[in-house]
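Down below is the structure, laid out as structure tokens.
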2 protein chains.
Amino acid sequence: MRESLRESRKRELKEEIFLQALRLFKERGYENVTVEDITTACGIAKGTFYNYFPKKEHVLLHLGQGQIEILRESVARHTRVRNVRKRLKLIFKDLLTRIDREPDLLKATIIEILRSSLLVEEELQLIAEFELLLTPLFEEAVAAGQVSARWDPRQLSSFLVGTYYYALFSWLANPAQADVVALFHTHLDMLWGGIAAEGGKD
Amino acid sequence: MRESLRESRKRELKEEIFLQALRLFKERGYENVTVEDITTACGIAKGTFYNYFPKKEHVLLHLGQGQIEILRESVARHTRVRNVRKRLKLIFKDLLTRIDREPDLLKATIIEILRSSLLVEEELQLIAEFELLLTPLFEEAVAAGQVSARWDPRQLSSFLVGTYYYALFSWLANPAQADVVALFHTHLDMLWGGIAAEGGKD
DNA sequence: TAACTTCTGTGACCCCGGTCACAAAATGAC
DNA sequence: GTCATTTTGTGACCGGGGTCACAGAAGTTA
């Protein structure tokens, strides 16, 4: 069943809007680009934008969706690394190093991902998808005796995703710090080994 | 030096705007209340609002500022608890139980706190203040041998604040879960003791 | 090709956050 | 008190996100 003219145009136009929007966001910053700027750059009318993205911010969520794909591939690629802690470091390195050097765009994206997770009930729940993809890793780690059976793998996965976003967040809030990958590794080490002193009574 | 008529009115009017705004936000939700609704409720003109709050969202940040005061008091009140981990649990219980049951308002507030931390460079940095208030606790804990000297107290404080926000965030995103205090305690325990299995090789 | 249905494009329009030039009120000097 | 100065209040106005009734193109049927 071939793709009809309509269907192909639909895909292509959405992609075109997305690319033009990203280009403009990078050039001028998310807040300084109007929807009309985007549509003018595409040679279409303003209303058409809303046939493809329900809100301006959905361009950013679409961008975030791309990270989910990277995560999925990365999870699949590293299954042979038996040590789950090391595997997680490899996976998150994949995610974090692919972040291009557009901190302002990244800031706006993170804000929108967080906002949609809190305020929107719909299906586009990036964070939830993220957690779901990592849960099996923790199930495996618990089964292999690498991680304490004391905690629910879903909770572990959730906390790790929180740690990931927090590392990203801290780095964006204060880019003078060490690079993101190092920051995330530090946080992961804190979490893995615990922060209590050896032999501390509590 | 007595407070002039001007100064007292200024304080009172700001408080009035704040209270009316909160009342309306609780009734109808942040997004469904316009600045004009607020000023009408106060019997003033729209423009006057902006003499007291630079943006609509600053009402929420003002609300967040209240939490900083609670934190400050709570930190002072619990200094006699020598075990820092227990002390942290007491402090965060103070913070979390005082959250009134207005999840939608709280969601909007969290979003604005996060957004301002990322996007605004100005002084009103709630999260940074938060971290600053907790850093001495970790310095004390390291000095007392309760926490490993391996990590910088500022980094520990920062990570803990991240953990606090993430617990709040998870709970708001999925209120069906256990209550916030329990969730935060679980996360704090994960962080404190580490998630690695006892005797795990890594 | 004509007639009809369904999907896509359009831009005038509405709404609301935020601004600004000006008006009114408070303060201070005399 | 009067006048000059400073602070605060005002609402018309602007810009941009988002909507919607309609126009026109694509697809379908005969």
Side-chain angles (χ1 to χ4, degrees), chain A residues 1-18 20-22 24-25 27-63 108-109 111-112 115-116 119-120 122 124, chain B residues 1-18 20-22 24-25 27-63 108-109 111-112 115-116 119-120 122 124:
Chain A
M1 168 165 148
R2 245 183 71 264
E3 194 178 51
S4 72
L5 216 151
R6 251 185 206 163
E7 284 162 342
S8 64
R9 171 158 170 75
K10 190 164 181 173
R11 265 198 320 99
E12 280 164 17
L13 185 49
K14 179 165 186 177
E15 194 61 16
E16 171 71 5
I17 293 172
F18 180 60
Q20 292 291 343
L22 280 194
L24 291 170
F25 291 165
E27 279 174 25
R28 301 188 220 157
Y30 178 73
E31 301 290 351
N32 302 318
V33 175
T34 71
V35 171
E36 214 158 3
D37 290 338
I38 298 168
T39 54
T40 302
C42 297
I44 58 179
K46 183 179 171 186
T48 304
F49 176 91
Y50 293 94
N51 287 341
Y52 295 88
F53 295 94
K55 311 248 169 194
K56 185 187 175 193
E57 67 216 42
H58 275 65
V59 174
L60 299 180
L61 296 178
H62 190 73
L63 185 60
T109 306
I111 293 284
E112 291 311 329
R115 149 174 293 167
S116 80
L119 304 183
V120 186
E122 292 157 40
L124 190 64
Chain B
M1 169 166 145
R2 245 183 72 262
E3 195 179 50
S4 70
L5 215 150
R6 248 184 209 163
E7 284 163 342
S8 65
R9 172 161 169 76
K10 190 163 181 175
R11 265 198 319 101
E12 281 163 18
L13 183 50
K14 179 165 186 176
E15 194 62 15
E16 171 72 5
I17 293 172
F18 180 60
Q20 292 291 343
L22 281 193
L24 291 170
F25 292 166
E27 279 174 25
R28 300 187 221 157
Y30 178 72
E31 300 290 350
N32 302 317
V33 175
T34 70
V35 172
E36 215 158 1
D37 289 339
I38 298 169
T39 54
T40 302
C42 297
I44 57 178
K46 183 179 173 186
T48 305
F49 176 91
Y50 293 94
N51 287 341
Y52 295 88
F53 295 93
K55 311 248 169 194
K56 184 187 176 193
E57 67 216 43
H58 275 66
V59 174
L60 299 180
L61 296 178
H62 190 72
L63 186 59
T109 305
I111 294 283
E112 291 311 331
R115 148 174 295 165
S116 81
L119 304 182
V120 184
E122 293 156 40
L124 191 64

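In what follows, every chain begins at residue 1, and chains take the letters A, B, ... in the order their sequences are listed. Just so it is clear, the structure is predicted and the values come from calculations on it, not from any experiment. Worth knowing before you read on, the calculation uses all heavy atoms, side chains too, and leaves out hydrogens, waters and symmetry mates.
- Between the side chain of B:Lys55 and the base of C:dG17 there is no donor-acceptor pair of N/O atoms closer than 3.5 Å.
- Between the P atom of D:dG17 and the NE2 atom of A:His58 lies a distance of 15 Å, rounded to the nearest Å.
- Atom-to-atom, OH of A:Tyr30 to P of D:dG16 comes out at 14 Å; the value is rounded to the nearest Å.
- Spacing between atom OH of A:Tyr50 and atom C1' of C:dT10 amounts to 14 Å, rounded to whole angstrom units.
- Going from atom CG of B:Leu13 over to atom C1' of D:dG9 covers 10 Å, rounded to whole Å.
- Checking B:Asp37 against B:Thr34 by side-chain atom types alone, a donor-acceptor pair falls below 3.5 Å.
- The CZ-P distance, from B:Phe53 to D:dG9, rounds to 13 Å in whole Å.
- Whole-Å rounding puts the A:Lys46 NZ to C:dG9 C1' distance at 15 Å.
- Within 4.0 Å (heavy atoms only), B:Thr48 reaches at least one base atom of the nucleic acid.
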Practice prompt. List the steps, then state whether side-chain contact (heavy atoms from CB on, under 4.5 Å) holds for B:Phe49 with B:Glu36.
Written response: CA-CA 9 Å; B:Phe49 176 91; B:Glu36 215 158 1; over 6 Å; no
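- Considering only side-chain N and O atoms, A:Lys56 lies under 4.0 angstrom from the phosphate OP1 or OP2 of D:dG17.
- Between A:Asn51 and C:dT8, a side-chain N or O to OP1/OP2 separation shorter than 4.0 Å is absent.
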Discussion item. Please evaluate residues B:Thr48 and B:Asn51 with respect to the criterion side-chain hydrogen bond (donor to acceptor under 3.5 Å, both in side chains), reporting the C-alpha separation (whole Å), side-chain torsions for both, the decisive distance (0.1 Å), and the verdict.
Written reply: CA-CA 5 Å; B:Thr48 305; B:Asn51 287 341; 4.9 Å; no
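- In this structure, B:Ile44 atom CD1 and D:dT7 atom P are separated by 20 Å, rounded to whole Å.
- Remark: A:Tyr52 is in phosphate contact with C:dG9, judged by side-chain N or O atoms under 4.0 Å from OP1 or OP2.
- Atoms CD (B:Glu57) and P (C:dC16) sit 17 Å apart, rounded to a whole Å.
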Item to complete: Walk me through it: do A:Tyr52 and A:Phe18 pass the test side-chain contact (heavy atoms from CB on, under 4.5 Å)?
Response: CA-CA 9 Å; A:Tyr52 295 88; A:Phe18 180 60; over 6 Å; no
